[in-house]
Amino acid sequence: MRILITAGPTREHLDPVRFISNRSTGKMGFALAERAAARGHAVTLVAGPVTCETPAGVRRIDVVSACEMLDAVRRELGDAQALIMCAAVADWRPKRLSPVKLKKRDMEPILELEPNPDILLTLQPDKGGRLFVGFAAETGDPLAEAQRKLIAKGLDLLAANDVSQPDAGFAVDTNRVTLLAPGCDPEHLPLLTKHAVADRILDRLERLNL
Ligand code: PMT
């Protein structure tokens, strides 16, 4: 299969040295890319700013902001049979971007934001026969919100992780996810390495592609 994967955070700059972002390190998305390539899939990885090494055999495209990630995914989607959106895309960006470092005295104490495009929703009309896989990073009641995202974003598969737990979600080598698919019972996975979680997601994706 030709699989397009996104990983890492996006950064939304307000000037050349300041930005808003999140705690994603790219570990989960890079584990997916590594395992998918090892299984013989052709993998393109669109990565936000991370320090992970590019896995062997993976074609990597680096981006910074959500808008750049949307452009890259839109460009690469035509050739892909599946899209796995593992990136933690920032939902908001500063309304104004200064080309020079803002002086403290020129800054307002209130940062004005505007919404970023939702990549999965924006590309929904171009989905065609492709498989779309999402992640949901939740705190609180992960399953209810993840079920809502599965339907709202028109996904074939969604991995819900409870990011309030110290051994799952952001920045750690392990994850505990529940896999949701339309019309299927939730599949609760135990605590696994991110590479093992990647394998379980790819098992489901390969079955959906039959
Ligand atoms: O990178 P790590 O440190 O290993 O951490 C892994 C992870 C916690 C980032 C990963 O497992 C994860 O949960 N990624 C998705 C995080 C997220 O943005 O979840 P969300 O519930 O906000 O978004 C739901 C889905 O919509 C995701 O597939 C997301 O990629 C996508 N999305 C979100 C916002 C946006 N503007 N466009 C999108 O397409």
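Heavy atoms only: backbone and side chains are in, while hydrogens, waters and symmetry mates are out. One-based numbering, in listed order, for ligands and for the atoms of each.
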Charged N to carboxylate O below 4.0 Å: is that the case for [X] and [Y]?
X: Asp199; Y: Lys194; result: no
X: Arg39; Y: Asp203; result: yes
X: Asp162; Y: Arg176; result: no
X: Asp62; Y: Arg60; result: yes

Write none if no such pair exists; otherwise list each N/O atom of ligand 1 with its protein N/O partner under 3.5 Å and the distance.
residue	atom	partner	partner atom	Å
ligand 1	1 (O)	Ser24	OG	2.6
ligand 1	1 (O)	Thr25	N	3.2
ligand 1	1 (O)	Gly26	N	2.8
ligand 1	3 (O)	Thr25	N	2.8
ligand 1	3 (O)	Thr25	OG1	2.6
ligand 1	3 (O)	Ala171	N	2.7
ligand 1	4 (O)	Lys27	N	3.3
ligand 1	4 (O)	Met28	N	2.8
ligand 1	4 (O)	Lys194	NZ	2.7
ligand 1	11 (O)	Asn161	OD1	2.7
ligand 1	13 (O)	Asn161	OD1	3.4
ligand 1	13 (O)	Asn161	ND2	3.0
ligand 1	14 (N)	Cys86	O	2.9
ligand 1	19 (O)	Ala137	N	3.4
ligand 1	21 (O)	Ala137	N	3.4
ligand 1	21 (O)	Lys149	NZ	2.5
ligand 1	26 (O)	Lys153	NZ	2.8
ligand 1	28 (O)	Met85	O	2.7
ligand 1	28 (O)	Phe135	N	3.0
ligand 1	28 (O)	Phe135	O	3.3
ligand 1	30 (O)	Met85	O	3.4
ligand 1	30 (O)	Ala87	O	2.7
ligand 1	36 (N)	Pro117	O	3.0
ligand 1	37 (N)	Ile119	N	2.9
ligand 1	39 (O)	Ile119	N	3.3
ligand 1	39 (O)	Leu120	N	3.0

Check whether the side chains of Asn116 and Asp91 place a donor and an acceptor atom closer than 3.5 Å, and report yes or no.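 No, because no side-chain N or O of Asn116 sits under 3.5 Å from a partner of the opposite role on Asp91.
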
Donor-acceptor pair between Arg11 and Ser21 side chains, under 3.5 angstrom: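 Result is no, nothing qualifies.
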
